[in-house]
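To keep things clear, I will list the structure first and then write my remarks on it.
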Amino acid sequence: MTTEAQALPRPGGRELPALGGGLPLIGHAVPFFRDPVGFLLRAHSRRGEAVTFTLPGRRVASFCGPQANAVVLGLDETDVDRRVIYEPLLTPLVGRGVAFDVPTDVMVWQQSLLLPHLRRDALARCLPVMVDQVERYIAPWEGSGTFDLVKAMRDISARISAHCLIGPRFGRTTGRELPALLSRLEDSFYMSFVMGPRALVPRHRRADRARETLTRAIKEIAPDDRPEGADRSRFAELLRAAGPCGLSLDEDTAAALMLSWLFASAPVMAHAAWTGVLLLQHPQWLPVLRAEQESAFTDYPPATLAPLHRLERLGHCLLEAERLHPPVWLLPRLAVRDLCIRGYRVPRGYLVCASPGASHRRPDVFRDPEAFDPDRYLPGRAEHRAAPYALIGFGGGRHPCLGPAFAQQAIKVIWSVLLRSFDLELADPRVREVRASVFHPPRQPCTVRYRRRKR
Ligand code: HEM
């Protein structure tokens, strides 16, 4: 895939097909923010793989489909800037001195400090912790009853991230309030995306308080919070780490970095929730998944990652949830020079976007794209592999997500434990998504009836 060759150094190419119908000043803001993925789908089905439209203060060049995704996600810093997009959204949430608030080499170094916690050996150590967190969460549930699926996924995924990324004491201490605090950060992120970070809205003030609470908790707890078997706490490791040109982290920056890890893992909630909704909307899959578990788990709880990797059909259901409901549904960058992408001229200053949400529903890539069909990932069909960059729920190219293995392991554990423990049924199978939100989770109430299974 010659992505650089396609983003030509000397721009040329055709005019981007324009979407008509925008209003003065606000352009297409109303239909875009009302239903962004639906808007992009309609725009691309009318105009093809490239289309331009207007949002307040910005022209957008939107691209859709595997070939276009490959080019957009392959663009480098001489072509596009991600910092101007993400920095104003993220810094107010996690604090200064981390992520897009520092030069690229420092950001890369800071990201390298997360990597040891996402490696296979670390994930294997996390496995019993993840199982334990789900088991503890469901322990008080009676023989039968109801629960809200979105709340449960928010609670469980936040606890898993807290325990596995920061430490057990932090997980135990903040477990109850963490989901609400993270959701305040998400709300503010979304509001910044729509109205800008400087808008005087209560959601930003609530997020400021949430950030202060979380940072204080990290600084109070994390320094002594030693994961089992470790010599030191992760916080202590961060303070000892040596970066480029003798850089190191002080306590405030180390706390901000840890908070950025927690926020990065926040989309696990929406992915886990949609996986559950889709499974319960298609209950014919439940016996298949339970049978797969029976043969994969010779021991329970599993002692190694191997049985989890044998849960291939559950893995296909996760891929289908990623395809139909990618929590990160837009990947925006700002063109810093005139570009030519897939033969289209993209002027400097345009927002260049790849859209997992729209790309994943292309009928030329995924057969019957609106249908939940985990069989599409079976060897022989493997629609997601027919072209690279067909499935981009975790991004790709120059800046892929660092956490797919962590996220998929957590979600496999959550749904393995729930399916093993309960018969489950959606109270109302018609579940819609929350579009006025950052990760588009299922709308609440999302009530599930449960009955404990006999083991
Ligand atoms: C279902 C869960 C997740 C989804 C859907 C997701 C999705 C994504 C996507 C699409 C990107 C690329 C953004 C872009 O290109 O502009 C990204 C970046 C990133 N993700 Fe995730 N993510 C998830 C979980 C996690 C977890 C658990 C972690 C780590 C604890 C993580 C860490 C990161 C980091 C550090 C980046 C930035 C990479 C870079 O800029 O080089 N993510 N994620």
Side-chain angles (χ1 to χ4, degrees), residues 63 69-77 80-87 89-90 94 98-102 104-119 122-123 126 130 153-154 156-166 182 186 189 193 234 256-276 318-319 321-334 351-357 359-360 389 391-415 438-441:
F63 289 88
N69 294 340
V71 181
V72 171
L73 297 180
L75 295 170
D76 69 16
E77 286 186 358
V80 288
D81 191 351
R82 292 188 311 152
R83 182 180 306 276
V84 288
I85 314 281
Y86 287 131
E87 190 282 324
L89 300 174
L90 274 174
V94 298
V98 297
F100 292 93
D101 190 43
V102 291
T104 303
D105 58 335
V106 180
M107 182 168 100
V108 171
W109 166 62
Q110 290 182 350
Q111 284 181 354
S112 75
L113 302 173
L114 168 62
L115 290 177
H117 311 311
L118 303 174
R119 276 202 307 252
L123 293 181
C126 277
M130 290 179 176
M153 293 306 117
R154 189 178 281 289
I156 297 172
S157 60
R159 285 168 200 211
I160 285 177
S161 297
H163 272 81
C164 296
L165 298 175
I166 313 293
L182 286 177
E186 284 168 32
F189 185 101
F193 177 61
R234 297 204 170 110
L257 188 57
M258 284 190 145
L259 181 50
S260 76
W261 298 351
L262 286 177
F263 191 68
S265 66
V268 173
M269 170 278 294
H271 193 5
W274 278 115
T275 303
L318 260 67
L319 288 178
E322 173 192 339
R323 186 181 72 80
L324 287 166
H325 296 283
V328 182
W329 41 271
L330 194 73
L331 303 172
R333 287 97 174 82
L334 187 78
L351 209 57
V352 183
C353 298
S355 162
S359 278
H360 291 176
Y389 297 91
L391 201 60
I392 52 165
F394 289 96
R398 292 200 180 263
H399 302 284
C401 176
L402 304 187
F406 180 94
Q408 287 159 351
Q409 176 174 324
I411 298 169
K412 275 188 170 180
V413 166
I414 292 170
W415 283 102
V438 51
F439 300 127
H440 291 191

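Because the structure is predicted, anything quoted here is derived from the model rather than measured. First listed ligand is number 1; within each ligand, the first listed atom is number 1.
- Heavy-atom contacts of Phe406 reach the following atoms of ligand 1: 27 (C) (cutoff under 4.0 Å).
- Of the inter-residue distances, the one linking Asn69 atom CG with Leu391 atom CG reads 10.0 Å to the nearest 0.5 angstrom.
- What sits closest to atom 28 (C) of ligand 1 on the protein, heavy atoms only, is Gly403 CA, 3.7 Å.
- Below 30°, between 30° and 60°, or above 60°: for His440 and Trp329 the angle between ring planes is below 30°, a parallel geometry.
- Residues Phe63 and Ser355 are not in side-chain contact: their nearest non-hydrogen atoms beyond the backbone lie 4.5 Å or more apart.
- When each atom of ligand 1 is checked for a heavy atom of Ser265 under 4.0 Å away, the hits are 26 (C), 27 (C).
- With ligand atoms numbered from 1 in the order given, ligand 1 contributes 5 (C), 7 (C), 10 (C) to contacts under 4.0 Å with heavy atoms of Gly393.
- Proximity of Leu165 to ligand 1, defined as any heavy-atom pair under 4.0 Å, is confined to the side chain (atoms from C-beta onward).
- Looking only at side-chain heavy atoms (C-beta outward), Trp261 and Gln110 stay at 4.5 Å or farther from each other.
- Of the listed options His325, Gln111, His117, Met269, Gln111 places a heavy atom closest to atom 39 (C) of ligand 1.
- Only the backbone of Pro400 comes within 4.0 Å of ligand 1, counting heavy atoms alone; no side-chain atom from C-beta on gets that close.
- Residues Pro400 and Phe394 are not in side-chain contact: their nearest non-hydrogen atoms beyond the backbone lie 4.5 Å or more apart.
- Of the heavy atoms in Val328, only side-chain atoms (C-beta onward) come closer than 4.0 Å to ligand 1.
- Between Cys164, Cys401, Pro404, it is Cys401 that holds the heavy atom closest to atom 23 (C) of ligand 1.
- Both the backbone and the side chain of His399 come within 4.0 Å of ligand 1, judged by heavy-atom distances.
- Checked by atom type and distance alone, the side chain of Arg83 pairs as donor or acceptor with a backbone atom of Val102 at under 3.5 Å.
- Using a 4.5 Å cut-off on side-chain heavy atoms (C-beta onward), Ile414 and Ile160 make contact.
- The protein atom (non-hydrogen) at minimum distance from atom 32 (C) of ligand 1 is Ala264 CB, 3.6 Å.
- Among all protein heavy atoms, the one lying closest to atom 10 (C) of ligand 1 is Gly395 N, 3.3 Å.
- Remark: the backbone N or O of Arg159 is paired with a side-chain donor or acceptor of His163 at under 3.5 angstrom.
- Judged purely by atom type and a 3.5 angstrom limit, Glu322 uses its side chain to pair as donor or acceptor with the backbone of Gly393.
- Under a 4.0 Å N-O distance rule, the pair Arg154/Glu186 qualifies as a salt bridge.
- Between the side chain of His325 and the backbone N or O of Pro441, no donor-acceptor pair lies under 3.5 Å.
- Taking every heavy atom of Ala407 and a limit of under 4.0 angstrom, the matching atoms of ligand 1 come to 1 (C), 2 (C).
- Within the model, atoms CZ of Arg333 and SG of Cys353 stand 9.0 Å from one another, a figure rounded to the nearest 0.5 Å.
- The shortest separation from a heavy atom of Phe439 to ligand 1 is not under 4.0 Å, leaving the residue out of contact.
- Residue Leu331 holds the heavy atom nearest to atom 13 (C) of ligand 1 of all those in Leu331, Leu402, Leu318.
- In terms of polar-atom proximity, Arg82 is counted as a contact of ligand 1, with an N or O under 3.5 Å from an N or O of the ligand.
- Of the heavy atoms in Phe394, both backbone and side-chain atoms come closer than 4.0 Å to ligand 1.
- The distance from ligand 1 to the heavy atoms of His271 drops below 4.0 Å at these ligand atoms: 1 (C).
- Contacts of Glu322 with ligand 1, taken as heavy-atom pairs under 4.0 Å, are absent altogether.
- Considering backbone and side-chain N/O atoms, Tyr86 comes within less than 3.5 Å of an N/O atom of ligand 1.
- By the 4.0 Å heavy-atom criterion, Arg333 is counted among the residues contacting ligand 1.
- No side-chain donor-acceptor contact under 3.5 Å links Trp274 to the backbone of Pro326.
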